[in-house]
Amino acid sequence: MKLSTEYSPVEVEDKWYAHWEAKGYFHSEPDEREAFSVVIPPPNVTGMLHMGHMLNNTIQDILIRKAKLDGKNACWVPGTDHASIATEAKVVRMLREQGIKKSDLTREGFLEHAWEWKEKYGGIILQQLRKLGASCDWDRTAFTMDEERSKAVMQVFVDLYNKGKLYRGLRMVNWDPEAKTVLSNEEVLYKDEQSHIYHVRYQIEGSEDFVTIATTRPETILGDSAIAVHPDDSRYTFLHGKRAIVPLVNRSIPIIFDEYVEREFGTGALKVTPAHDVNDYEIGKRHELEVIEVLNDDGTINENGGLAHYVGKSRFKVRTEIVKELESSGNLVEIKPYAHNVGRSERTNAVVEPKLSLQWYVDMKSLAEPALEAVMTDEVEFFPKNQKNVYKHWMENIRDWCISRQLWWGHQIPAWYYEDEVFVATTAEEALYQARAKTGNHELEISDLRQDEDVLDTWFSSWLWPMSVFDEFSTKEEIDYYYPTSVLVTGWDIIFLWVARMIMAGYEWKHERPFKHVYFTGMVRDQKRRKMSKQLGNSPDALELISQFGADGVRYGMLSSSPAGGDLLFDEKLVDQGKKFCNKLWNALRMFKNLEIDDSLETPIENKLAIEWFEQKKSAILNDLASNFDQYRLSEALVSLYSFVWTDFCSWYLEMVKPDYEKPIDSYTYEKSMDLFEDLCLMLHPFMPFITEEIWHKLKDRKEGEDCMNGSWPKATSYDKEIIAKVEKAKDVISRVREIRNKNGIKKNEPLSVLVEESKGAQDLLAVNGVKEILIKLAVLSGIEWVSGEPEKSVGFLSGTEKYYVEIEQEIDVEAEKEKLEKDLAHAEGFVNSVEKKLSNERFVNNAPEAVVAMEHKKLADGKERVRIIKASLEKL
RNA sequence: GGGAGAUUAGCUCAGUUGGUUUAGAGCACCUGCCUUACAAGCAGGGGGUCACUGGUUCGAGUCCAGUAUUUCCCA
């Protein structure tokens with residue numbers, strides 16, 4: 001078998017993905033095995049693969065592939081959500097480029113364009129996930145607006161309404177004037193922005209006195225309906241019972257007294273605009289103030305403000321103009337720079353406008369209760385745990401969920417109005433039936449009813465995802481088998497938007513948790529810890545990365561530095577390390593494949609020890625992996641595999657069993673090595689599926705369907721710690737000899753003679769079959785002999801409590817040697833002192849567990865032995 | 001303003017119930033090697049009073065309190 005010295009992922013990855021898919025390995029049907037199900041956090045249908053997706057989906061793929069190897073029936077359901085705001089914005093933009101205005105279209109006409117767009121571009125991201133190796137069950141691909149999912153949304157809406165957990169209410173909402181829709185609190189991002197605070201004076205009615213207020217939004221004075229001051233503020237007691245005149249508008253408004261006002265802030269006097277500020281709205285309710293809406297839905301000023309020359313102009317333009325006008329009228333006292341928190345729409349970045357509006361709300365209190373309980377008792381278990389606090393705080397302060405969105409793309413709210421009545425039903429026919437019954441008017445037709453124009457928040461469909469994706473096949477068997485799902489993998493940034501609501505929905509309709517575990521990933525950030533985003537342009541192109549480093553390399557890079565919940569500072573070096581790791585594996589394969597196998601050869605004794613050692617070590621690693629997987633310490637699992645492959649397998653095992661140059665290998669060693677390599681492939685497969693599949697097929701002749709992806713996870717057995725410890729000791733001796741070569745400029749292949757001082761430790765070590773041979777082979781020795789006392793012309797070293805000497809020709813640098821020994825001595829004595837101190841403490845000896853005390857005695861004995869040996873060496877010098 | 005976390009090597013992070021030879025990894029750094037699996041490599045090395053101050057304990061990187069710095073969440 002001729003193999004290139006470099007592994008090239010490109011051909012390999014596409015080949016194996018097509019093979020797995022053709023074999024149907026990704027598809028799952030219920031059967032007698034234990035189910036392991038995962039629903040993908042549905043990316044936006046407008047989405048393109050970015051770093052966050054890669055991290056998130058790599059983790060899911062690892063869990064799914066591991067579950068498959070463990071013999072479970074793994075099912076990973078892919079899909080997308082319809083992303084109301086983002087998609088509608090995209091479609092509107094596309095139409096505008098074609099010269100079509102949304103307002104020129106009917107709702108049906110617009111939706112036709114939107115679906116067309118969806119069919120054409122939606123789901124690109126699902127194609128991209130294949131490049132990453134994602135083993136999704138593509139037959140189950142779901143969409144939040146497809147028939148099954150939509151049906152679920154309608155049913156749930158009606159059910160909540162009938163239970164009285166859904167209502168329509170006039171509330172202050174977050175209004176996005178650009179998208180012209182309401183936003184939930186979670187969709188508004190607050191940031192400190194530099195702006196100005198304006199001090200404006202209002203004349204007191206019937207006097208020449210003024211009261212000065214401070215505001216950041218002078219344009220809203222058009223909607224002012226009061227001035228408020230603190231009742232205990234002595235500066236303003238004279239204002240009792242007075243009224244003020246709104247500048248420019250010349251409207252007379254009351255001066256009210258309310259404890260909400262902060263005396264220290266600004267001038268201590270506050271203008272009150274109930275229609276355009278949440279707090280002012282509350283004050284307005286207390287004092288029964290007039291509510292004057294001066295803004296249109298698109299953020300322009302309307303005629304209610306009473307100043308015709310501002311009508312139709314944007315709020316920002318009016319702010320500039322009104323400041324000028326206030327200045328010329330003598331009402332502007334001063335302008336100060338001011339930093340304050342400004343809320344912007346997550347989608348359009350428009351400054352969010354508080355607006356009074358009639359919307360549908362979900363009453364969250366009763367939904368939250370079981371969902372909070374479930375997480376607090378770990379029935380739904382969070383990884384990492386600290387997210388429980390965040391969740392608890394939100395759930396205990398939960399507010400009702402505004403679910404109407406003033407858009408067309410989405411699930412139109414199943415509520416029909418007739419006169420003052422509202423009829424909520426899954427279909428228009430059903431609503432009509434209700435309307436006829438209620439009104440007694442049997443002549444009513446559907447056309448007499450008016451359906452709510454709004455659509456539902458996208459999350460109102462995604463919160464049903466773990467249930468709705470399994471309804472597709474509409475037999476109960478599906479959902480009974482796969483629900484609750486095993487684990488949800490998602491970023492902590494959508495814990496409220498999505499995770500919390502799914503838990504609520506699970507308990508509300510299935511009376512059961514939607515998933516057993518939630519794994520919160522961190523955010524992918526750049527080297528400066530900035531979140532990766534399109535705006536910053538600091539995110540590498542995901543597909544470009546894959547083609548440059550291979551999917552396995554990228555997966556390695558994404559994961560190797562990403563503990564659960566911890567942020568991942570992305571660095572191309574990490575994926576490059578992954579690529580190098582692939583190359584390392586590849587070359588280990590090449591080493592074996594270049595060898596000639598000789599059946600007649602005896603197996604060298606050092607090979608038997610190497611094989612034995614590696615098998616034991618493998619069991620140890622498998623045990624570590626098991627606990628790492630249990631606790632979702634995936635990056636740690638990968639790190640341990642990395643060092644097991646690179647250090648233990650390549651640097652040590654291979655060097656131990658490798659025959660001399662151009663010599664053949666014995667067949668036992670070869671077969672055993674293939675078995676071990678095969679296990680390595682299985683262990684690495686969840687993390688790096690492509691290269692492991694490729695190597696798997698090159699290791700042995702495989703039967704049809706005998707694939708790595710389809711294999712069984714190697715069994716962890718109890719293992720012999722003793723043999724591992726002995727080989728570790730041997731490795732230490734080898735390293736020490738190499739160090740002496742390095743320091744003395746002795747060539748690597750020049751055989752050296754090593755002498756060992758007789759001791760129990762050394763005897764035990766060399767008594768192990770194969771140890772002596774391994775030392776000779778890897779340290780390149782001419783021989784190992786026993787000695788007592790320091791030999792001439794030699795350099796000594798200490799390994800554990802054993803003293804070794806390397807005979808060398810070179811002149812020995814006595815001073816340097818002395819210096820080093822003195823340093824070692826200081827260290828060893830310091831160690832002995834600390835242990836002695838511990839052991840001389842009676843309370844320690846009496847209170848500490850026996851095993852701990854025994855260990856301290858052993859430490860002391862070993863330490864003293866080392867001190868003795870170093871002192872002896874120093875004396876000789 | 002309220003809350004949660006973080007602080008361990010130059011950088012990024014592990015360190016699991018307090019005890020396992022006076023702290024580990026990767027990267028970076030230094031030295032020597034183009035040795036027939038791999039220079040995308042090999043061998044070896046240096047580098048840390050575990051933020052600070054106190055406390056609990058026989059014993060603290062690990063538990064508690066305070067301080068400093070810092071990140072995030074909520075308002």
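Letters A, B, ... are given to chains in the order of the sequence lines, protein chains preceding strands, and every chain is numbered from 1. No hydrogens, no waters, no symmetry mates; every other heavy atom, side chains included, goes into these values. Just so we're clear, the structure is a prediction, and the values are computed from it rather than from any experiment.
- Contacts of Glu655(A) with the nucleic acid, taken as non-hydrogen atoms under 4.0 Å apart, include base atoms.
- Regarding contacts with the backbone of A37(B), every side-chain N or O of Thr5(A) stays at 4.0 angstrom or more from both OP1 and OP2.
- Residue-to-nucleotide proximity on RNA chain B shows that, of Ala826(A) and Lys823(A), the 5′-proximal contact is made by Ala826(A).
- Within the nucleic acid shown, Gly863(A) has no heavy atom closer than 4.0 Å to any nucleic acid atom.
- Remark: C1' of G26(B) and CG of Leu641(A) are 15 Å apart, rounded to the nearest angstrom.
- A side-chain donor-acceptor contact under 3.5 Å links Arg741(A) to the backbone of Lys747(A).
- Toward the 5′ end of RNA chain B lies the nearest nucleotide of Asp576(A), the other residue of the pair Asp576(A) and Arg525(A) mapping further downstream.
- Nearest nucleotide to the Arg590(A) side chain, out of U21(B), G5(B), A37(B): A37(B).
- In this structure, CG of Asn174(A) is placed 13 Å from P of C74(B), rounded to the nearest angstrom.
- In this structure, Phe644(A) has its ring center under 6.0 Å from that of Phe614(A).
- No side-chain N or O of Thr801(A) forms a donor-acceptor pair with one of Asp862(A) less than 3.5 Å apart.
- In this structure, of C13(B), G5(B), C38(B), it is C38(B) that holds the atom nearest to the side chain of Lys584(A).
- No side-chain heavy atom of Trp394(A) sits less than 4.5 Å from a side-chain heavy atom of Ile495(A).
- Nearest to the side chain of Trp646(A), among G41(B), A37(B), A40(B), sits G41(B).
- With distances taken from any side-chain atom of Lys658(A) to the nucleotides U21(B), G59(B), A37(B), the minimum falls on A37(B).
- Applying the 3.5 Å distance criterion, the base of U20(B) shares no donor-acceptor pair with the side chain of Lys859(A).
- Residues Ser640(A) and Asp624(A) bring no donor and acceptor atom of their side chains to less than 3.5 Å of each other.
- In this structure, of G19(B), U21(B), U16(B), it is U16(B) that holds the atom nearest to the side chain of Glu636(A).
- In this structure, Met523(A) places its CE atom 19 Å from P of U12(B), rounding to the nearest Å.
- Following rounding to the nearest Å, His393(A) (NE2) and G5(B) (P) show an atom-to-atom distance of 13 Å.
- For the P atoms, the distance from A65(B) to G18(B) is 16 Å, rounded to whole Å.
- Interatomic distance, Lys531(A) NZ to Asp526(A) CG, rounded to the nearest 0.5 Å: 12.5 Å.
- Using a 4.5 Å cut-off on side-chain heavy atoms (C-beta onward), Pro384(A) and Phe520(A) make contact.
- Protein atom NE2 of His827(A) is 6 Å distant from nucleotide atom P of U22(B), rounded to whole Å.
- Aromatic pair Tyr556(A)/Phe549(A): centroids not less than 6.0 angstrom apart.
- Picking from A37(B), A14(B), C58(B) the nucleotide with the shortest atom distance to the side chain of Asn587(A) gives A37(B).
- Each of C73(B), U21(B), G15(B) was ranked by its minimum atom distance to the side chain of Phe831(A); first place goes to U21(B).
- In the set A40(B), C73(B), G19(B), the nucleotide with an atom closest to the side chain of Val390(A) is C73(B).
- For the C1' atoms, the distance from A14(B) to G55(B) is 28 Å, rounded to whole Å.
- Nearest nucleotide to the side chain of Cys650(A), out of A37(B), C58(B), C13(B): A37(B).
- Note on Asn841(A): only backbone sugar-phosphate atoms sit closer than 4.0 angstrom, heavy atoms only; bases stay farther off.
- In this structure, Phe649(A) and Tyr653(A) have parallel ring planes: the angle between them is below the 30° cut-off, well short of the 60° mark.
- Between the C1' atoms of G47(B) and U35(B), the separation comes to 29 Å (whole Å).
- In this structure, Asp862(A) atom CG and U20(B) atom C1' are separated by 13 Å, rounded to whole Å.
- For an aromatic pair to be called close, the ring centres must be under 6.0 Å apart, and Phe382(A) with Tyr391(A) satisfies this.
- OP1 or OP2 of U31(B) has not a single side-chain nitrogen or oxygen of Arg738(A) nearer than 4.0 Å.
- Stretches of at least 3 consecutive Watson-Crick or G-U wobble pairs, with each checked distance under 3.5 Å, appear in RNA chain B as B:1-7 with B:68-74, B:10-13 with B:24-27, B:29-33 with B:41-45, B:51-55 with B:63-67.
- OP1 or OP2 of A75(B) lies within a sub-4.0 Å distance of a side-chain N or O belonging to Arg399(A).
- The C1' atoms of G48(B) and A28(B) are separated by 16 Å, rounded to the nearest whole Å.
- Nucleotides G59(B) and U17(B) have their C1' atoms positioned 15 Å apart, rounded to a whole Å.
- Spacing of C1' atoms, A4(B) relative to C50(B), comes out at 23 Å, to the nearest Å.
- In this structure, the CE atom of Met558(A) is 21 Å from the P atom of G26(B), given to the nearest Å.
- At least one side-chain nitrogen or oxygen of Asn389(A) sits closer than 4.0 Å to the OP1 or OP2 atom of G5(B).
- Residue contacts for Lys858(A): at a heavy-atom cut-off of 4.0 Å it reaches a base atom on one of the strands shown.
- Annotation: U12(B) and U22(B) have their C1' atoms spaced 26 Å apart (nearest Å).
- Of the charged side-chain nitrogens involved, at least one lies within less than 4.0 Å of a carboxylate oxygen, so that Lys729(A) and Glu802(A) count as a salt-bridged pair.
- For Arg633(A) against U16(B), a side-chain-to-base donor-acceptor contact under 3.5 Å is present.
- Atom C1' of nucleotide C38(B) and atom CD of Glu6(A) are separated by 10 Å, given to the nearest angstrom.
- When the nucleotides C73(B), G19(B), U35(B) are ranked by their closest atom to the side chain of Phe844(A), G19(B) comes out on top.
- Taking atom C1' in both G24(B) and G15(B), one finds a spacing of 7 Å when rounded to whole Å.
- Taking 4.0 angstrom as the limit, Ser735(A) places none of its side-chain polar atoms (N or O) nearer than this to OP1 or OP2 of A43(B).
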